[in-house]
Amino acid sequence: MRTMVDQTADIGEILLTEDQIQTRVAELGAQISNDMAGRQLTLVSVLKGSLPFMADLMRAISLPLRIDLMEVSSYGGATTESSGLVRILKDLSSSIEGEDILIVEDIIDTGLTLNYLVRYLRGKKPASLRICTLLDKPARRLVEIDVDYTGFTIPDQFVVGYGLDYGELYRNLRFVGVLRPEVYTQE
Ligand code: PRP
């Protein structure tokens with residue numbers, strides 16, 4: 001097992017600082033609160049990567065809201081490429097029929113995960129369905145996704161931190177950084 005005293009040593013470049021992320025999350029929360037004023041929201045977070053973003057974003061939204069959590073998987077373990085395979089590992093815990101849904105994602109890469117998820121959730125007849133992603137990596141898109149709220153558009157680099165992992169690690173970093181290529185080519 002790989003042991004890491006300092007995970008930050010594996011980061012080549014900090015792409016988004018903690019301050020930049022927190023400022024943008026506050027802006028997104030204000031924008032969503034404004035756009036959806038007078039309504040009650042249900043945030044559907046897609047585990048595990050969106051956990052820190054969800055926790056911060058829900059507190060930046062001033063509307064009454066409830067949350068639900070799904071876990072889907074599109075990547076096969078410690079790889080940096082999408083497999084195209086989407087599996088539901090954890091489903092919604094209650095009905096979303098007639099509700100205003102905001103899907104909260106950490107990153108849209110190929111778009112395969114959200115493409116699947118949007119069709120799945122639409123089938124449950126919500127009143128509305130919107131998408132909020134912290135990061136968008138449009139260079140790798142394979143299917144078109146209509147995104148309502150985007151935190152940052154980023155280049156095609158392998159990023160970790162603020163929920164994003166490599167081999168399940170680095171999720172607890174407060175910033176988003178680019179993983180040194182030698183970390184994923186040495187294994
Ligand atoms: C990541 C991310 C998105 C998805 C995006 O999840 O959280 O859900 O991949 O990729 P796509 O646009 O190419 O489908 P992952 O399956 O790695 O699970 P995790 O959130 O538990 O890390």
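In listed order, ligands and their atoms are each counted from 1.
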Does S62 offer a backbone N or O that forms a donor-acceptor pair with the side chain of S33 under 3.5 Å? yes
Under 4.0 Å, heavy atoms only, figure out whether ligand 1 is touched by the backbone of D106, its side chain, both or neither. side chain
Is there at least one pair of N or O atoms, one from G111 and one from ligand 1, spaced under 3.5 Å apart? yes
Side chain, backbone, both or neither: L164 near ligand 1, heavy atoms under 4.0 Å: neither
For ligand 1, which atoms have a heavy atom of L112 less than 4.0 angstrom away? 12 (O), 14 (O)
Looking at R174, I want to see if its CZ is surrounded by more than 12 non-hydrogen atoms of other residues, nucleotides or ligands under 6.0 Å. no
Rounded distance (nearest 0.5 Å) linking atom CD1 of I21 with atom CZ of F175: 9.0 Å
Could you check whether E144 pairs with R141 (Lys NZ or Arg NE/NH1/NH2 to Asp/Glu carboxylate O, under 4.0 Å)? no
State whether the shortest distance between N or O atoms of G49 and N or O atoms of ligand 1 falls below 3.5 angstrom. yes
Out of M70, E105, R141, whose heavy atom is nearest to atom 3 (C) of ligand 1? E105
Enumerate, atom names and distances included, each donor-acceptor pair closer than 3.5 Å involving a side-chain atom of residues 146-161, sequence neighbours excluded.
| from | atom 1 | to | atom 2 | distance (Å) |
| --- | --- | --- | --- | --- |
| D148 | OD2 | I131 | N | 2.8 |
| Y149 | OH | D35 | OD2 | 2.6 |
| Y149 | OH | R130 | NH1 | 2.9 |

Ligand 1 atoms nearer than 4.0 angstrom to some heavy atom of L47 are 20 (O), 21 (O)
With rounding to the nearest 0.5 Å, note down the distance linking CG in D68 to OG in S45. 9.5 Å
Give the contacting part of R171 toward ligand 1: side chain, backbone, both or neither, where contact means a heavy-atom distance below 4.0 Å. side chain
Per-pair distances, 0.1 Å, donor-acceptor, side chain in residues 118-126, under 3.5 Å, sequence neighbours excluded:
| from | atom 1 | to | atom 2 | distance (Å) |
| --- | --- | --- | --- | --- |
| R119 | NE | N115 | O | 3.3 |
| Y120 | OH | D91 | OD1 | 2.9 |
| Y120 | OH | D91 | OD2 | 2.6 |

Where's the contact between T110 and ligand 1, heavy-atom distance under 4.0 Å: side chain, backbone, both or neither? both
